[in-house]
There are 2 protein chains.
Amino acid sequence: MAVTIKDVAKLANVAPSTVSRVIANNPRISEQTKKRVREAMETLGYHPNFNARSLAIKSTKAIGLVMPSSVDKVFQNPFFPEVIRGISTMAHEREFAIYMSTGQNEQEIYDGVERMIHGGRVDGVLLLYSRIDDKIMTLLQEKKFPFSVIGKPYQHSEHISHVDNDNFRAGKDVTEYLIKLGHKQIAFICGSLDLVVTIDRVLGYKKALEDANIPYQDEYVVQEEFLNDGGMAGFKKLMTLPAPPTALIVKDDLLSFSIMGMIDKMGLSIPEDISLISFNNLMLSEFTRPPLTSVDIDIFKLGYYAAECLLDQLDSPDQEVKQVIVPHTLIKRQTCHRI
Amino acid sequence: MAVTIKDVAKLANVAPSTVSRVIANNPRISEQTKKRVREAMETLGYHPNFNARSLAIKSTKAIGLVMPSSVDKVFQNPFFPEVIRGISTMAHEREFAIYMSTGQNEQEIYDGVERMIHGGRVDGVLLLYSRIDDKIMTLLQEKKFPFSVIGKPYQHSEHISHVDNDNFRAGKDVTEYLIKLGHKQIAFICGSLDLVVTIDRVLGYKKALEDANIPYQDEYVVQEEFLNDGGMAGFKKLMTLPAPPTALIVKDDLLSFSIMGMIDKMGLSIPEDISLISFNNLMLSEFTRPPLTSVDIDIFKLGYYAAECLLDQLDSPDQEVKQVIVPHTLIKRQTCHRI
DNA sequence: TTGTAGGCGTTATCAG
DNA sequence: CTGATAACGCCTACAA
């Protein structure tokens, strides 16, 4: 049996409540007894029982992470490890632990979150994505359970704590950059249109085209899934349009890596035949040949500040929700070429 | 206030203990009352409180993950996301949650683990690495706290539950492969010699050389850290030995990616001037140019089975500890060349 | 400044 | 088959 507060109390010749106060560093305890109690804790190797404490004070000092469904795909993308790194750095600073529940599909994840919050496993939740009509976000709002979002909530974003890049701006920036290089046929290989990040970036893309008087063409915007389904087929279709794109904006570097492979196989070369720019600036992106031009969205900070927003919210629940925009930077390497 | 077992009891007109039995699906409760209670739970939206339950039964249905120090480095390496994917798949199958505590250095991590196990946050622990004289492993053994290791424990490995590749064999395999291609000057850029995986692989490397009557040379075995410190300097030193290596065995693909960059910068080309083989077979390894020859160590399974070993141990504590060897496969691509 | 007692939400033991 | 009742380890009034 583990050593409890009572054992310590007995050894130190005080009441359990006194020990409890020493743990909480209650100022109304004399330094003398504090010292005595601490010694007792030391010799006994006492460690407080989190479950008992959580039960009593209704707080766990842990936050829960919610990832988009299917761990499979999630962890293949370096985005998540990096964002978790940011989160866990902040969590550690504030002495919080991290809790993950996983599931293969939406429903399983939803159930996991429900157990997490109702079961009192965590004090708050971090949503690592933002999509349209997300059931989990609705749940959290209904239950008034503290949470923070990485990405911009689709609705009521002003009232929800979140951390995001300015994705409209980022989409506009990359497009303008390509336009400045002389490109007019610019395709956008984007992520799921459920995701707010996709929506924002495409909006920025359209705005940049509009500002430059370049007509927007539907065939130029293709979703990632569309590519995967047909293997190379989807991509080939894009590249054999009557007016094939001379430049590609790609959802993220990871996808770019495989697209670079496809382009290679088609006998085209980057950047002479086609320009390529994408998002995330993964560590590996500077090692590809040619090195990848990419938008650094500072994934680490996204996680770091999101955790901070959540923890601040837990500290002072009535305060206004915080929102943070993490700046992005265009890292020009060698996959974009003047036309 | 959340809805408790008592509220359910009241609504269903039974005693709290009966509700508890329904939750546990105790066979000695009539189907009738079970149904009634379940309806009550439904209408009230009841969810059991994990902390209370954990306190009562002294089990949390959660396992803790221990990663090597410095989250920084850890998460940059796709090994960890992938191993966590395996772990979380199994954890989910058995309805366990995952708990992570983090720290910037050894001591912080040690403290985190101590809180984790004494505080009753987790039922068992998974060590995601194995090194010589690891304090945390010692702690776990002393406290007789259930744990399982990914990698081979340095000592008493027969008595410790663990999952690993046959790393001696893997090191031998790659070396023999290069020897068969005619190489005699084979360098090994390995990880820290504290890590058991490194030790095993180097042993395999030496054995292969010995079997082929190729004298072992100390200068050919260089640790990764040695490279990083001097940037390219360390690598250049290796490549400008009186008898520079014609083939490189590299710790993992990630490191290979940057080494490929260095080789490129030095004006050498792969595999004509130098052959390269490494471990882990990351998803991206087939997209490099040339595609990387690599040993697939099946990281996912490493995690999956390690979690299984741990959970089995929790289910039946007195059983013999399990050990699993995950087979590896040499994936021949285009970075190795006959000399 | 410190001790006493009751409660946090469950489960388990023992009656009935 | 079901109902009291006492733990589990800690916290917090309230009392002293």
Side-chain angles (χ1 to χ4, degrees), chain A residues 1-41 44-62 114-123, chain B residues 1-38 40-41 44-62 95 114-123:
Chain A
M1 185 61 54
V3 25
T4 81
I5 212 170
K6 285 183 193 167
D7 304 318
V8 178
K10 214 168 290 174
L11 182 62
N13 261 316
V14 293
S17 52
T18 305
V19 178
S20 174
R21 289 187 183 105
V22 173
I23 295 170
N25 204 8
N26 187 317
R28 308 188 316 186
I29 299 286
S30 75
E31 280 307 321
Q32 271 209 5
T33 45
K34 268 189 189 173
K35 195 174 153 234
R36 199 148 41 91
V37 170
R38 289 206 177 106
E39 281 171 8
M41 299 199 312
L44 256 41
Y46 168 79
H47 287 266
N49 180 313
F50 274 102
N51 294 310
R53 142 175 279 171
S54 300
L55 187 58
I57 68 178
K58 294 174 177 324
S59 149
T60 56
K61 284 273 199 181
E114 213 162 29
R115 281 198 301 270
M116 203 146 81
I117 68 179
H118 290 124
R121 289 240 208 213
V122 298
D123 294 344
Chain B
M1 184 61 55
V3 24
T4 80
I5 213 171
K6 286 182 192 168
D7 304 319
V8 177
K10 215 169 289 174
L11 183 63
N13 262 317
V14 293
S17 48
T18 304
V19 178
S20 174
R21 289 190 183 97
V22 174
I23 294 170
N25 205 6
N26 188 316
R28 308 189 314 187
I29 299 287
S30 75
E31 281 305 323
Q32 270 209 4
T33 45
K34 268 190 190 173
K35 196 173 153 233
R36 200 147 41 90
V37 170
R38 289 204 177 109
M41 300 199 310
L44 256 39
Y46 168 80
H47 286 265
N49 180 314
F50 273 103
N51 293 310
R53 144 177 280 172
S54 299
L55 187 57
I57 68 179
K58 293 177 175 326
S59 148
T60 57
K61 284 270 198 184
E95 298 199 292
E114 212 163 29
R115 282 198 300 273
M116 205 146 80
I117 68 179
H118 290 124
R121 290 241 207 211
V122 299
D123 294 343

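The chains referred to below are lettered A, B, ... by the order of the sequence lines, with proteins before strands, and numbering in each begins at 1.
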Between [X] and [N], is there a side-chain N or O to OP1/OP2 distance below 4.0 Å?
{"X": "A:T18", "N": "C:dG3", "value": "yes"}
{"X": "B:T33", "N": "D:dT2", "value": "yes"}
{"X": "A:K58", "N": "D:dC11", "value": "no"}

With a 4.0 Å cut-off on heavy atoms, is [X] in touch with a base, just the backbone sugar-phosphate, or nothing at all?
{"X": "B:P48", "result": "sugar-phosphate"}
{"X": "A:V14", "result": "sugar-phosphate"}
{"X": "B:S54", "result": "nothing"}
{"X": "B:Y46", "result": "sugar-phosphate"}

Exercise. Ignoring hydrogens and angles, answer whether the base of C:dA12 and the side-chain atoms of B:S20 contain a donor-acceptor pair closer than 3.5 Å.
Key: no
Self-check item: Base D:dT12 to side chain A:R53, donor-acceptor N/O within 3.5 Å cut-off
Solution: no
Quiz item: Can you name the closest pair of heavy atoms from A:K61 and B:R121 and give their distance?
Solution: O-NH2, 3.5 Å
Select one nucleotide: of [options], the one nearest the side-chain heavy atoms of [X].
{"X": "A:R28", "options": "C:dT10, D:dC10, C:dT2", "answer": "C:dT2"}
{"X": "A:A52", "options": "D:dT2, D:dG9, C:dT10", "answer": "D:dG9"}
{"X": "A:A56", "options": "C:dT13, C:dG3, D:dC11", "answer": "D:dC11"}
{"X": "B:S17", "options": "C:dG9, D:dC10, C:dA12", "answer": "C:dA12"}
{"X": "B:S30", "options": "D:dC1, D:dG3, C:dT10", "answer": "D:dC1"}

Practice problem: Would you check if there is a donor-acceptor pair between the side chains of A:S30 and A:T33 at a distance under 3.5 Å? | Solution: yes
Self-check item: A:V37/A:Y46 under side-chain contact (heavy atoms from CB on, under 4.5 Å): CA gap, chis, key distance, verdict
Solution: CA-CA 11 Å; A:V37 170; A:Y46 168 79; over 6 Å; no
Return all side-chain donor-acceptor pairs below 3.5 angstrom for residues 5-14 of chain B, not counting sequence neighbours, or 'none' if the list is empty.
residue	atom	partner	partner atom	Å
B:D7	OD2	B:T4	N	2.8

Self-check item: Bend angle of the helix from C:dT1-D:dA16 to C:dG16-D:dC1, from helix axes over five pairs at each end, nearest 10°
Solution: 40°
Quiz item: C:dA12 P sits how many Å from B:N25 CG, rounded?
Solution: 14 Å
Quiz prompt | Gap between atom CZ of B:R36 and atom NZ of B:K34 - 0.5 Å precision | solution = 13.5 Å
Quiz prompt | 5' priority, DNA chain D, between B:E31 and B:L55 [closest heavy atom] | solution = B:E31
Quiz item: Within the side chain of A:D123, is there an N or O that forms a donor-acceptor pair under 3.5 Å with the backbone of A:S59?
Solution: no
Quiz item: Ignoring hydrogens and geometry, is there a side-chain-to-backbone donor-acceptor pair from B:N51 to A:G120 under 3.5 Å?
Solution: yes
